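Reviewing the structure listed below.
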Amino acid sequence: MKRTKIEQLMAFEVPAERILVKGWVRTKRDSKTFSFLEINDGSCLANLQVVADEKLPNYEEIRKLTTGASVAVEGAVVPSQGSGQQWELQAAVVTLVGAAPESFPLQKKRHSDEFLRGIAHLRARTNKYSAAFRIRSELALAVHRFFHERGFRYIHTPILTASDCEGAGELFRVTTLPPGERLLENDFFGVESNLTVSGQLEAEMLATALGDVYTFGPTFRAENSNTRRHAAEFWMIEPEMAFCDLQEDMDLAEEMIKYLANHVIDHCADDLNLFARFVDKNLMAQLGVLTGSAFERIPYAEAIRILEKSGASFEYPVAYGTDMQSEHERFLTEHHFKKPVMVYDFPKTIKPFYMRMNDDGQTVASMDVLVAGIGEIIGGSQREERYDMLATRMDQMGLSKEKYWWYLESRLYGSVPHSGFGLGFERLVMMVTGISNIRDVIPFPRTPKNIEF
RNA sequence: UCCCCGAUAGCUCAAUCGGCAGAGCGGGUGGCUGUUAACCACUAGGCUGUAGGUUCAAGUCCUACUCGGGGAGCCA
């Protein structure tokens, strides 16, 4: 008999004579002559209540089942006599698939996130983490749907690269040299190579061929960051659009965030409800603001003026020409505007070489999207498409035009205005679930000194 | 990397001024009950993160280290 997933069973409209369910025991309650088993198979948040009667030939064994054991149950789906669930499974056959000794660390009680991080191989069996990873899966699907519906092509950019100065942080070296060997010409690629910190430069090449493209893949940063919103390995979504200016870039960023949030609201109601009840009481209100209001758009210079006139006391001074600190970003999005804010046209001195120079010669066509609780969730820009201007900027910032010859050359042949941005996928999952630590939205997170699982 | 906080039973946490190491949950045993964070009784479970130091006496005070959390920087 083919097994029925609990998610499907919960949607039954009429009883069923015989079905097969397989899953893990979440808890067991014993009566005098029978036992209730709560079975979860990961297909949804809900458990299935199984009624196992003492007449079953292996009832002695069932009586000894503990939390964590895996079982297969065959029986009839009937309306539940108790309240709390519509259906229950009247067991005809209960088979123990894998026992769980009393050392099983997950109990039917609340555990701390810190404890669960130490048992990452088991924590997905809890309500909170299975819900988080189901939402993560659903969000990934929604990303592809969003772009597909708009005629974007999904492209795969290299994970191994020789780029070493894209201005996006420290790099993980990749080598096949034995320890101690230092001769780069003997290395696999013959040059220094690293894990990618961004697929943007390659995505630009594809955008100027396919039109609208996006990447969605792993990204690696060797920064020694110890915060709740940084990981050494994370997934990034990077759309890149030909014939697109900064305004259109911001339009897409706003539309995308709203689309993704709405998708989860529409498709993950049960899982989302868990987070709204137990993780972040303000979650639904936050998502309402996110999906229901136009994002504020202000130039960097105006953001600085607002901060200067705010009267708020900041630990770090507000000054034109410097990067905004976390506290400044939080003030803008959480206190001043109370909704997502897009800051654009940053001074050229604090942004990378590839961003398009504005007519004022001082600012570049860049933008950050700031949201409450997370901070910067998107960073993007219109790219410098003018060959001479790009070459000048590379010289000014000390980049090798020889090494990036192909990037520069793309501006020589049919160059077009184009724009794109990077969206941190994990920060998106955090935003939608209210989970406050990035380590809890990645099944097996990689952070400094943490690669055990 | 810097600043702050923490580490006590399998888990979540108590332990007053430095004075006998505690509870709930989970485990085991027995009871009760169409139960649903089930309930009731009994029971086992500890080198208080590691290494030093102060003291008649350290979970508690001091030093170093390890691990964890929060904040900052870097960014997505």
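Values below: all heavy atoms of this structure, side chains included; hydrogens, waters and symmetry mates excluded. All chains are named by letter (A, B, ...) in the order of the sequence lines, taking the proteins before the strands, and each is independently numbered beginning at 1. Here the structure is a predicted model, which is why all the values come from computation and not from measurement.
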side-chain N/O [X] vs [N] OP1/OP2, d < 4.0 Å:
X	N	result
A:Arg26	B:A37	no
A:Arg29	B:C32	no
A:Asn437	B:G70	yes
A:Thr219	B:A76	no
A:Ser31	B:U35	no
A:Thr227	B:A72	no
A:Arg330	B:A72	yes
A:Arg117	B:G68	no

Taking only the [atom1] atom of each, what is the distance from [N] to [M] in whole angstrom?
N	M	atom1	value
B:G45	B:G22	P	14 Å
B:C17	B:C11	P	28 Å
B:C4	B:U8	P	22 Å
B:G70	B:G30	P	44 Å
B:A41	B:U16	C1'	32 Å
B:G18	B:C2	P	32 Å
B:A14	B:A51	P	25 Å
B:U55	B:C42	P	45 Å

Ring pair (Phe, Tyr, Trp, His ring centres under 6.0 Å) contacts in which one or both residues fall within residues 86-128 of chain A, not counting sequence neighbours: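 Listed once each, the pairs are A:His111-A:Phe115, A:His121-A:Phe453.
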
Quick one: does [X] reach the base of [N] with a side-chain donor-acceptor pair under 3.5 Å?
X	N	answer
A:Asn47	B:U36	no
A:Glu88	B:G34	yes
A:Arg221	B:A76	yes
A:Glu114	B:U12	no
A:Ser225	B:C74	yes
A:Gln81	B:U35	no
A:Arg427	B:C75	yes

N/O contacts under 3.5 Å, protein versus nucleotides 40-43 of chain B?
none

For A:Arg228 and B:G68, give me the distance from atom CZ to atom P, rounded to whole Å.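 From A:Arg228 CZ to B:G68 P: 18 Å.
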
Whole-Å distance separating the CD atom of A:Gln325 from the C1' atom of B:G71: 13 Å

For a quick check of understanding: with a heavy-atom distance under 4.0 Å over all strands, which category does [X] fall into, base, sugar-phosphate or nothing?
X	answer
A:His230	base
A:Glu38	base
A:Ser80	base
A:Gly422	sugar-phosphate
A:Ile378	sugar-phosphate
A:Asp113	nothing
A:Thr66	nothing
A:Gln85	base

Can you find a side-chain donor-acceptor pair between A:Arg439 and A:Asn450 that sits under 3.5 Å? no

Side-chain donor-acceptor pair present, A:Tyr259, A:Glu149, cut-off under 3.5 Å: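 Judged by distance alone, the side chains do pair up.
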
Just the dot-bracket of RNA chain B, please: which string comes out with Watson-Crick or G-U pairs under 3.5 Å, [ ] for crossing, | for another strand? (((((((..((((.....[..)))).(((((.......))))).....(((((..]....))))))))))))....

Indicate every side-chain donor-acceptor pair of residues 311-321 of chain A with a distance under 3.5 Å to a residue at least two apart or in another chain.
none

Counterpart residues, side-chain contact (heavy atoms from CB on, under 4.5 Å), relative to A:Arg297 (two or more places apart): A:Gln247, A:Met250, A:Asp251, A:Glu254, A:Met342, A:Tyr344

For A:Leu20, check side-chain contact (heavy atoms from CB on, under 4.5 Å) against everything at least two apart and list the hits.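 Partners of A:Leu20 under the side-chain contact (heavy atoms from CB on, under 4.5 Å) test: A:Met1, A:Arg3, A:Lys22, A:Ala72, A:Glu74.
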
Which pairs, protein N/O on one side and nucleotides 5-10 of chain B N/O on the other, fall under 3.5 Å?
unit_1	atom_1	unit_2	atom_2	d
B:G10	N2	A:Gln107	OE1	3.0
B:G10	N2	A:Gln107	NE2	2.8
B:G10	N3	A:Gln107	NE2	3.3

Would you please name every residue forming a ring-ring contact (aromatic ring centres under 6.0 Å, His included) with A:Phe36, sequence neighbours left out?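 ring-ring contact (aromatic ring centres under 6.0 Å, His included) check on A:Phe36 returns A:Phe34.
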
With sequence neighbours left out, write down each residue that passes side-chain hydrogen bond (donor to acceptor under 3.5 Å, both in side chains) with A:Glu302, or none if nothing qualifies.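 Scan of A:Glu302 (side-chain hydrogen bond (donor to acceptor under 3.5 Å, both in side chains), adjacent residues dropped) gives none.
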
Relative to the 5' end of RNA chain B, which residue comes earlier, A:Lys32 or A:Met324, by the nucleotide with the nearest heavy atom?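 The answer here is A:Lys32.
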
When the side chains of residues 39-50 of chain A are checked against the rest of the protein, which donor-acceptor pairs come out under 3.5 Å, sequence neighbours left out?
unit_1	atom_1	unit_2	atom_2	d
A:Asn40	OD1	A:Gly42	N	2.8
A:Asn40	ND2	A:Leu45	O	3.3
A:Asn40	ND2	A:Asn47	OD1	3.0
A:Asp41	OD1	A:Ser43	N	2.9
A:Asp41	OD1	A:Ser43	OG	2.6
A:Asp41	OD2	A:Ile6	N	2.9
A:Ser43	OG	A:Ile6	N	3.4
A:Ser43	OG	A:Glu7	N	3.0
A:Asn47	ND2	A:Glu38	OE1	3.3
A:Gln49	OE1	A:Arg29	NH2	3.3
A:Gln49	NE2	A:Glu88	OE1	3.1

Side-chain atoms of residues 138-147 of chain A: list all donor-acceptor pairs with protein atoms under 3.5 Å, sequence neighbours left out, distances to 0.1 Å.
unit_1	atom_1	unit_2	atom_2	d
A:Glu138	OE2	A:His263	NE2	3.0
A:His144	ND1	A:Tyr214	OH	2.6

Whether A:Tyr404 and A:Phe353 hold their rings parallel, tilted or perpendicular, with breakpoints at 30° and 60°: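 If you compare the ring of A:Tyr404 with that of A:Phe353, the planes turn out tilted.
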
Exceeds 12 heavy-atom contacts within 6.0 angstrom, atom CD of A:Glu17: no

Would you say A:Phe34 stacks on B:G34, if stacking means ring centres under 5.5 Å apart and planes within less than 30 degrees? no

Enumerate the residue pairs fulfilling salt bridge (charged side-chain N to carboxylate O under 4.0 Å, His left out) with a member in residues 116-126 of chain A, sequence neighbours excluded, ordered by first and then second residue. A:Arg117-A:Asp440, A:Arg123-A:Asp440

Taking the minimum atom-to-atom distance to the side chain of A:Asn224, which one of B:A76, B:U1, B:U36 wins? B:U1

